[in-house]
Amino acid sequence: MIYGIGTDICDIRRIRASLERHGERFAQKILSDAELTTWQARSQRWPERGVRYLATRFSAKEAFSKAIGLGMRMPMTWRLCELGQLPSGQPTIVLHGELKAWFEAKGLSAHVSLTDETDYAASFCVVEVISKTGI
Ligand SMILES: CC(C)(COP(=O)(O)OP(=O)(O)OC[C@H]1O[C@@H](n2cnc3c(N)ncnc32)[C@H](O)[C@@H]1OP(=O)(O)O)[C@@H](O)C(=O)NCCC(=O)NCCS
């Protein structure tokens, strides 16, 4: 059963401007520790790759926050929601702390898809109930 869906479009130019204004502090607010390590490696090689990485994570987390119906309200926070990757390259949602506990107690599972073009990053997320004892 579908619990919720969420979508988001993010203007990559706004992410670039925030990074220019606030530097790494902005990335630290949005990214989990593991994501920050990836962001640093990509940014060092080619800053634009870092900007795009951050913009796609930003949009995916917003899409997820809508799919669970909370928006950016506790226990949903930027850093407790992480985007992982399967060996195939497919993105997955990896949750931490209070958000993970809340999500598991409801018996939920998430599916996410990301895309980006020159100036925009977009994401779509579907959350389903996988456990009959959930919700
Ligand atoms: C959901 C949220 C992360 C999106 O913020 P945003 O990037 O500024 O805006 P977006 O254009 O991407 O999305 C806005 C849409 O998200 C949807 N939305 C808002 N709250 C939502 C929620 N709790 N769950 C799912 N979707 C939500 C609405 O359709 C909204 O469109 P609308 O303003 O025309 O009604 C943010 O609005 C949020 O955290 N909201 C919940 C907490 C809050 O502050 N509520 C204030 C009202 S009491």
Between [X] and [Y], which heavy-atom pair has the shortest distance, and what is it?
| X | Y | answer |
| --- | --- | --- |
| L95 | C81 | CD2-CA, 3.9 Å |
| E24 | L36 | OE2-CD2, 4.2 Å |
| K61 | I30 | NZ-O, 2.7 Å |

Connected hydrophobic set around V126, excluding itself, where side chains approach under 4.5 Å: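 I2, I5, F124, which link up through side-chain heavy atoms under 4.5 Å apart, make up the rest of the cluster.
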Counting N and O atoms only, with roles assigned by atom type, does the side chain of [X] sit under 3.5 Å from a partner on the main chain of [Y], one being a donor and the other an acceptor?
| X | Y | answer |
| --- | --- | --- |
| R42 | V51 | no |
| T7 | S123 | yes |
| S43 | Q40 | no |

cation_pi(R49, Y53) dist<6.0 Å, angle<=45: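 No - R49 does not lie over the ring of Y53 by the 6.0 Å and 45° rule.
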Ionic contact status for R16 with E20, cut-off 4.0 Å: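 A salt bridge is absent here (no side-chain N lies under 4.0 Å from a carboxylate O).
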Qualifying residues under ring-ring contact (aromatic ring centres under 6.0 Å, His included), relative to W78, sequence neighbours excluded: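 If we apply the ring-ring contact (aromatic ring centres under 6.0 Å, His included) test to W78, skipping adjacent residues, the hits are F58.
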Ring geometry between F103 and F64 (parallel below 30°, tilted from 30 to 60°, perpendicular above 60°):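 Tilted.
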Pairs meeting criterion salt bridge (Lys or Arg N to Asp or Glu O under 4.0 Å) with involvement of residues 66-89, two or more places apart: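 Non-adjacent pairs meeting salt bridge (Lys or Arg N to Asp or Glu O under 4.0 Å): D8-K66, D33-R79.
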